[in-house]
**Student:** 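Following this message is one structure expressed as C-alpha cells.
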Amino acid sequence: MGLGAKIKEVTGFEGNVKETLRPMINFTCANITIGGAGYPINQFHQQFLAYVEGMKTGAAGKISLISGLWDAISDPIMGIITDRTKSKLGRHRPYMIISAIPFALVYIFKWTSFGISASGNDSATWWWYLFSAIMYSTFMTMMSIPHTAMLPTVAPTYFERSQYRIVEYMMNSVGQVLSYVFAGLVLSGFDIKTALVGLPVPSPDDRSKYTLVGIVLAAWFLWAPIISFFKTKEPSSADQINEKFDWNHFINEYKLVFKSRAFRQYFIMSLFFSMSRYFCNYADQYFMTSVTDTYNLFISMNIVAGTSEFMGSPINYILSRYKGKTAGGKLLGPLMVFGIAINSLINYTTPKAIRYAVIVISSICYNIGFSGPGFAIDIIQPDITDVDELITGRRREGVISTFSTFCKKTVSSIMGYSVGTALEWFGYNPDIKEPHLQPRRTNIGLRVCYSVIPAILALFCVISVYRYSMTKTDHEEIKRVIKEKHETGSCSISDTGKKRIEKIAGQKWEDMWIGKSDIDRNLEIALQGEK
C-alpha cells in the first residue's frame, strides 16, 4: 500500500483526496474570519480601551455586557431569518456576501475613535465604542450563524462533518496566528524581534498604531467569506413553504430546542467551555502586565497558543474517527484544566526563568488541551440538528446554530464585563504598570480571574463532555428512521432502538414527530394554528 493510500485509510478520506478536500477548503475558509476575527478582539481590545483610550475596566466591561445582551437578541432573530430565507442561492449562503464588507468596516471602528478619545471626551468615547461593538456583533451574527447552519447540508454524513470541522479548525488557526503576527508587526513598527520578545505595554501614544492594526486586520478578514460564498453551493430554497410567523412562534421555536436532551448536554458543555475560555482570555494581558511582568512575551505567547491549538487538531481528528466524537475532549480536557491552573503559582517575585517556563508550559498545555473539548463541541453540533428533527420533523439548522454563536459571542461579552467589573472591585488601576506597585488584593484578584475561576469552569466543561451520550451508531439509526419517516410516513425500529433514541432525545417516542402518525401531526398543527 502506497503512502497516499495509507494516509487516506488512516484519516478516513474516501475517493480522490483533492476532490474531497477542495469543497472543505472552499467552505471552511470563511472560518479564517468567523473563527479568527474574535481572537484579537478577545485578547487585545479591553486592554486597548484601558491602556490606550484611558477607559476604566468597569466601563469597558459594560460595553462588552451591552453588546452581549444585543447578541442574545439578534442571534435568535438571525437564526429564524436564515431558516426562513427563500433564495435560489439557498437559505444561508447569501448572507456571507451581504455581511462581508460591512463587517470589515466595523472591524476598523473597533480600533479607532477617529479622534474622539484624544479630545478627552470620555462619555463620547464610551458611546462610540459601544456603537462599534454593537455593529461588530450584528455583522458577525449575520455572517456566522448562516455559515454554521449550512454545515449539516454541506456535509450530511456523521464522519464527513468531522472532516469538515478539522479543516475548519485549521482555518481558525490560520486566522488566529496570522492576525497576531500582523498585529504584532504593526505595534512593533514592523520590527520582528520587538514584536516577538520586546513589545512594550500599550499607552495613549499608540493610538495611530492601533488604528493601523484595525485596517490591516479588516483587510485580512475581508476576503475569506467572499471566497466561501462563491465557491460553496447550497440547494435553492426559493420554493420552500414557511409557517406563518408571529412572536409566539418565535419564542416557541427556541423553547422547543431545550426539549432535546442531546441539545441540553451540548449546550451545558459549550457554556462552561466558553465561560472558561473567555474569562481567561480577557484577563490574560492584565495578568502578564501586572502580575508576572511578562507583557513583552504577549504576542509570541499568542502565536504559541495558536500553534499549540493547531497541534491538537490531528490528535482530535484521529480520536474522533476511531474512539468517538467526544474522545478528544475526554483525553485532552484535563490538560486544559492543568494549563490554566498552574498560572496561579507564579507572580512578579517568582524567579524570571521559572516565570517564563511556567507561562510557556501553561500556554502549550492549555491550548492543546483546549482543542479537545472545543473540537468535540464543534463536531457534535450538526448532529444535534438531527435529534431536533426527530422531535419536530423540521430542519432547523439556523435555530440550532444560534446557540453555537451565543456561546462564542454572548458569553464572551458577559465574561468581558465580569472580568472588567471584578478587576475594578479588586482595585486594579491600569495606569499602574509595575506589578510591585499594585495592591496585594489586586494581585490576588488578577490571579483569581486569570487562573482560578477559568480552571474551575474548565473542570465542569470536562465533566459535561464525559456525560454526553450519543454515538456514531446512534446517529446512523437516527438518520435512518428520519429518512424512512419522510419517505413512507412511518418507520420500523426495535423496542431497544426506541428506548435508546428516547434516552438521547429526552422524550417519549410517541411525543416526538418520529413516533406520531400523519393524522396526529396534522391535528397538532391545526390546534397550534387555532391558538
Side-chain angles (χ1 to χ4, degrees), residues 37-71 106-137 140 179-180 183-184 186-187 199-218 278-290 295 298-299 302 409 412-433 438 442 445-446 449-450:
Y39 282 102
I41 300 293
N42 295 334
Q43 293 289 82
F44 286 100
H45 198 259
Q46 281 218 342
Q47 293 77 11
F48 157 72
L49 294 179
Y51 295 143
V52 179
E53 299 293 59
M55 194 178 295
K56 292 183 177 180
T57 59
K62 287 177 184 176
I63 291 175
S64 289
L65 177 64
I66 295 170
S67 65
L69 294 175
W70 170 246
D71 276 331
V106 299
Y107 204 87
I108 297 172
F109 294 174
K110 292 280 287 183
W111 299 101
T112 180
S113 64
F114 297 100
I116 296 173
S117 59
S119 70
N121 190 330
D122 293 344
S123 178
T125 301
W126 187 87
W127 281 105
W128 168 259
Y129 284 114
L130 175 63
F131 166 77
S132 69
I134 290 174
M135 290 297 98
Y136 168 82
S137 295
M140 174 58 90
S179 69
Y180 289 143
V186 172
L187 294 175
L199 200 66
V201 177
S203 72
D205 295 335
D206 296 320
R207 283 194 176 101
S208 61
K209 290 183 180 179
Y210 279 91
T211 300
L212 185 56
V213 165
I215 294 170
V216 169
L217 292 183
Y278 292 121
F279 219 99
C280 185
N281 283 357
Y282 279 116
D284 190 3
Q285 200 171 136
Y286 295 128
F287 179 83
M288 294 183 73
T289 300
S290 300
Y295 180 79
F298 187 70
I299 294 293
N302 279 301
K409 291 165 62 223
S412 167
S413 299
I414 293 172
M415 293 303 98
Y417 168 75
S418 300
V419 169
T421 303
L423 293 183
E424 197 165 286
W425 185 83
F426 279 114
Y428 182 68
N429 183 350
D431 293 330
I432 301 175
K433 305 299 193 301
Q438 292 285 353
T442 301
L446 282 164
C449 290
Y450 181 64

**Student:** What verdict does the side chain to side chain contact (heavy atoms under 4.5 Å, CB included) test give for S290 and L446, after you've listed the backbone C-alpha separation in whole Å, the side-chain angles of each residue and the deciding distance to 0.1 Å?
**Tutor:** CA-CA 8 Å; S290 300; L446 282 164; 3.8 Å; yes
**Student:** Quick one: OH on Y282 to CD1 on I414, what's the gap to the nearest 0.5 Å?
**Tutor:**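 Y282 atom OH to I414 atom CD1 measures 10.5 Å (nearest 0.5 Å).
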**Student:** Where do S64 and S413 come nearest, in terms of heavy atoms and distance?
**Tutor:**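 For S64 and S413, the tightest heavy-atom pair comes out as O-CB, 2.7 Å.
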**Student:** Take T289 and Y51, measure what side chain to side chain contact (heavy atoms under 4.5 Å, CB included) needs, and give me the verdict at the end.
**Tutor:** CA-CA 11 Å; T289 300; Y51 295 143; 3.7 Å; yes
**Student:** Would you check if there is a donor-acceptor pair between the side chains of R207 and S117 at a distance under 3.5 Å?
**Tutor:**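 Yes, R207 and S117 have a side-chain donor paired with an acceptor closer than 3.5 Å.
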**Student:** Taking N42 for the side chain and G38 for the main chain, is one N or O donor matched with an acceptor at less than 3.5 Å?
**Tutor:**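 Between the backbone of G38 and the side chain of N42 there is a qualifying donor-acceptor contact (under 3.5 Å).
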**Student:** Measure the OH-CG distance between Y129 and L49 for me, rounded to the nearest 0.5 Å.
**Tutor:**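 Here the interatomic distance stands at 6.5 Å.
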**Student:** Less than 4.5 Å apart, side chain to side chain, heavy atoms only: is that true for S132 and V106?
**Tutor:**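 With C-beta onward as the side chain, the pair stays apart.
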**Student:** From Y136 OH over to F109 CZ, what is the distance, rounded to the nearest 0.5 angstrom?
**Tutor:**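 Reported to 0.5 Å precision, the distance equals 14.5 Å.
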**Student:** Are the side chain of N302 and the backbone N or O of F298 linked by a donor-acceptor pair below 3.5 Å?
**Tutor:**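 Such a contact is found between N302 side chain and F298 backbone.
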**Student:** Please report the closest heavy-atom contact between G184 and I299, naming both atoms and the distance.
**Tutor:**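 Result for this residue pair: CA-CD1, 3.9 Å.
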**Student:** Is there a donor-acceptor pair under 3.5 Å between the side chain of E424 and the backbone N or O of G58?
**Tutor:**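 Confirmed, E424 side chain pairs with G58 backbone.
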**Student:** Heavy atoms, side chains only, cut-off 4.5 Å: are P40 and L217 in contact?
**Tutor:**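 Answer yes - side chains close enough.
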**Student:** Among F131, W126, Y417, W127, which one satisfies side chain to side chain contact (heavy atoms under 4.5 Å, CB included) with I63?
**Tutor:**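 Of the listed residues F131, W126, Y417, W127, the side chain to side chain contact (heavy atoms under 4.5 Å, CB included) partner of I63 is W126.
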**Student:** Run L423 and C449 through side chain to side chain contact (heavy atoms under 4.5 Å, CB included) and show every step you take.
**Tutor:** CA-CA 8 Å; L423 293 183; C449 290; 4.1 Å; yes
**Student:** Starting at CG of D71, measure out to CE of M140 and round the result to the nearest 0.5 Å.
**Tutor:**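 Here the interatomic distance stands at 10.0 Å.
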**Student:** Applying the ring-ring contact (aromatic ring centres under 6.0 Å, His included) test to Y286, which of Y450, Y428, F44, F279 qualifies?
**Tutor:**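 The passing option is Y428.
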**Student:** Under the side chain to side chain contact (heavy atoms under 4.5 Å, CB included) rule, what do W128 and I116 come out as? Steps first, then yes or no, please.
**Tutor:** CA-CA 8 Å; W128 168 259; I116 296 173; 4.0 Å; yes
**Student:** Using 0.5 Å steps for rounding, measure from the CG atom of L130 to the OG1 atom of T125.
**Tutor:**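 OG1 of T125 is found 12.5 Å from CG of L130.
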**Student:** Establish, from distance only, whether the side-chain atoms of T57 and Q46 form a donor-acceptor pair under 3.5 Å.
**Tutor:**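 Judged by distance alone, the side chains do not pair up.
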**Student:** Nearest 0.5 Å, what's the OG1-CH2 distance between T211 and W111?
**Tutor:**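 T211 atom OG1 to W111 atom CH2 measures 10.5 Å (nearest 0.5 Å).
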**Student:** Do the non-hydrogen side-chain atoms of P202 and Y210 ever get within less than 4.5 Å of each other?
**Tutor:**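 Yes. Closest side-chain heavy atoms under 4.5 Å.
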**Student:** Quick check: does any side chain N or O of T442 sit under 3.5 Å from a backbone N or O of Q438, one acting as donor and the other as acceptor?
**Tutor:**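 Side chain of T442 to backbone of Q438: no pair is present.
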**Student:** Indicate yes or no for a side-chain donor-acceptor contact from N121 to the backbone of A124 under 3.5 Å, with no hydrogens or angles considered.
**Tutor:**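 Side chain of N121 to backbone of A124: a pair is present.
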**Student:** Does NZ belonging to K56 count more than 12 external heavy atoms closer than 6.0 Å?
**Tutor:**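 Not buried by this count: 12 neighbours or fewer within 6.0 Å.
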